[in-house]
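Hydrogens, waters and symmetry mates are skipped; everything else that's a heavy atom, side chains included, is used. In what follows, residues are counted from 1 in the order of the sequence shown.
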Amino acid sequence: MKRLTFLFGIILIISVGISSCKKNDPVQGNDTAKGMEDLIVSSDFDWRTTKTVDVSITLPTADLSQIVNIYSISGDELYYAGYAVNSNILTTKITIPTSVTEVMLVYGLDQNAEPKLVDVGDKLVYNFNSSKSIVNGKSVDDCGCDGGIISLTMRYTGSSTAQIKVKEKKNLVTIYCGTVGPDSDFTITGGSKKNGRFQNTIYFYVDGVKNTEMHVSCSVDLEVGDVYDDFMIISGISRNDNLPLCGTPPDPEPPGEPPVTTTVNFDGTLAYEDLWPSKGDYDFNDLIITYKFSVTKDDDDYVQNITGVFTVFAYGAAFHNGFGFTLPNVDPDQIINVSGYEIQPGGVFTLAANGLEDNQSNATVIVYDDSYNIMTHPGTGIGVNTEEDKPYIPIDSVVVQMVLFDNGSFASGGPVSYDDLDIGNFNPFIIVHQDRDVEVHLLDFAPSSLADQTIFGTYEDDSDAGQQRYYTTTDNLPWAINVPDVFEYPQEKVEVTTAYLKFASWAESGGTQFTDWYEDLSGYRDATKIYTPPSK
């Protein structure tokens, strides 16, 4: 009853307009556009703009050792990079936009590799033995550095075995971690750029001390044999046409295959309403936050490191909300360390020794405790960056590092496979107004262990934990949406259905029509109702 009294007090304050994100002014929208509460939505519609696809790829019988890359058909986005584990079949899962019906497969990093365009629905199945390989017209003698680096094999020339880490300069994303002996090689494939290439500069660390750095954008040529302090380039592949670096590798070549890491990225935008369990105004701008995960894994597909970059674009809210996420298939003791979060001491969050939130059954990271500490309120207007006539505040990011492998060992709880991590189905949520009991999640995403589930079923919420039905109204409307792109959000007081003209059709079709409703396509938007920063 205390909780409900507290919530009723909040809602009463909101209703009289003292401070809130719910507005009484009429929505200024398209006269023909439906409001959210006018939508007729199927009870089983999940409001997802992405789909998780089971992948089964049979490798060429002549060579089972090469990397498999799964790209968008344009090649601009790398969905997955990795190896088959003790098998001739690579099995994994990828999360991609629901609008994607075809992907491009590339086997190996050889410049003669032929891209394969493959249909994808609920599954992605392909057999490289079922079609004849055709080269792409490049000469095997071509070499150079063009378009940035996507893979490097390096030789450590130090005098003793050491813990080697390689990090990108931007956001210090760890793209390699391993124990390497003298004159031994190791391979790094994939960086944090969307298309899979490395950021422009990478750092090399030996036993925790920075040893050297390398510029890898190809603005200056790199060649096999180039030496950077205790490291030498043995081979490399650049982005354009999988062009190998020129030069001759030194002798002798170490025996066996070098250890390999691959890095895969996953990104999108989250948009929240924060008045749960009451309905909001459906402008979905109480928090606008982008996420980008860079997941580095070894050649057995075990996760070594996760970097999460969370950028707050706006919050149209009077509430001081926090933000966090849960990895539903990861136990807290499978994480060695978490760093980079922004949490003030003495607040509502209690952290365990490894930096995760304490007393959670699954690994839960609190990214920050208060949006107002990330972007300072300008002193006028509702929140930040939702009203064009109010001061603009520059966006800001929080970079969270999660370590699962260090000093040659995984955490005490054991390794986490990339499949089990299932980063495409991470569970993000806001914590409302510094009340740790009150969380808002995506529709049908479960609350964390610390949420007060007695709030379910009150006011407009129609959650039923027994049916695994969460954060939905009786009309199956959500309090949050997840968009696999940078979401250009509605202005304050503008419902999303009036800013995005295909949103209503998408929802009422159960997600079968206009799966790309958020794209900037002709007839898809009313630009006058979308917030435009001053720089645009």
K.L.:
Could you check whether K167 makes a cation-pi contact with Y203, meaning its NZ or CZ is under 6.0 Å from the centre of the six-membered ring and within 45° of the ring axis?
P.N.:
no
K.L.:
Is the NZ or CZ atom of K292 both under 6.0 Å from the centre of the six-membered ring of F266 and within 45° of that ring's axis?
P.N.:
no
K.L.:
Just wondering, do Y71 and E77 contact through their side chains at under 4.5 Å, heavy atoms?
P.N.:
no
K.L.:
Which class fits the ring pair F293 and F426: parallel under 30°, tilted 30 to 60°, perpendicular over 60°?
P.N.:
perpendicular
K.L.:
Do the non-hydrogen side-chain atoms of T364 and F429 ever get within less than 4.5 Å of each other?
P.N.:
yes
K.L.:
Going through the checks in order, is the ring-ring contact (aromatic ring centres under 6.0 Å, His included) test met by F231 and Y156?
P.N.:
CA-CA 5 Å; F231 296 90; Y156 171 57; 5.6 Å; yes
K.L.:
Within the structure provided, determine whether V403 and I335 are in side-chain contact (heavy-atom separation under 4.5 Å).
P.N.:
no
K.L.:
Check the pair K193 / E168 against salt bridge (Lys or Arg N to Asp or Glu O under 4.0 Å), numbers first and verdict last.
P.N.:
CA-CA 10 Å; K193 281 188 174 289; E168 295 177 324; over 6 Å; no
K.L.:
Do M402 and V365 come close enough that some side-chain heavy atom pair is under 4.5 Å?
P.N.:
yes
K.L.:
Taking the six-membered ring for Trp, are F310 and F325 closer than 6.0 Å centroid to centroid?
P.N.:
yes
K.L.:
Between CD1 of I164 and OH of Y176, what distance do you get to the nearest 0.5 Å?
P.N.:
8.0 Å
K.L.:
Side-chain contact test, heavy atoms from C-beta onward, threshold under 4.5 Å: evaluate it for T269 versus I288 and give yes or no.
P.N.:
yes
K.L.:
When you measure from the SG of C246 to the SG of C143, is the result less than 2.5 Å?
P.N.:
yes
K.L.:
I want to check a possible cation-pi pair here: K297 against Y418, using under 6.0 Å from ring centre and within 45° of the ring axis as the test.
P.N.:
yes
K.L.:
Would you please test Y315 and Y372 for ring-ring contact (aromatic ring centres under 6.0 Å, His included) and show each step?
P.N.:
CA-CA 9 Å; Y315 56 87; Y372 279 70; 4.8 Å; yes
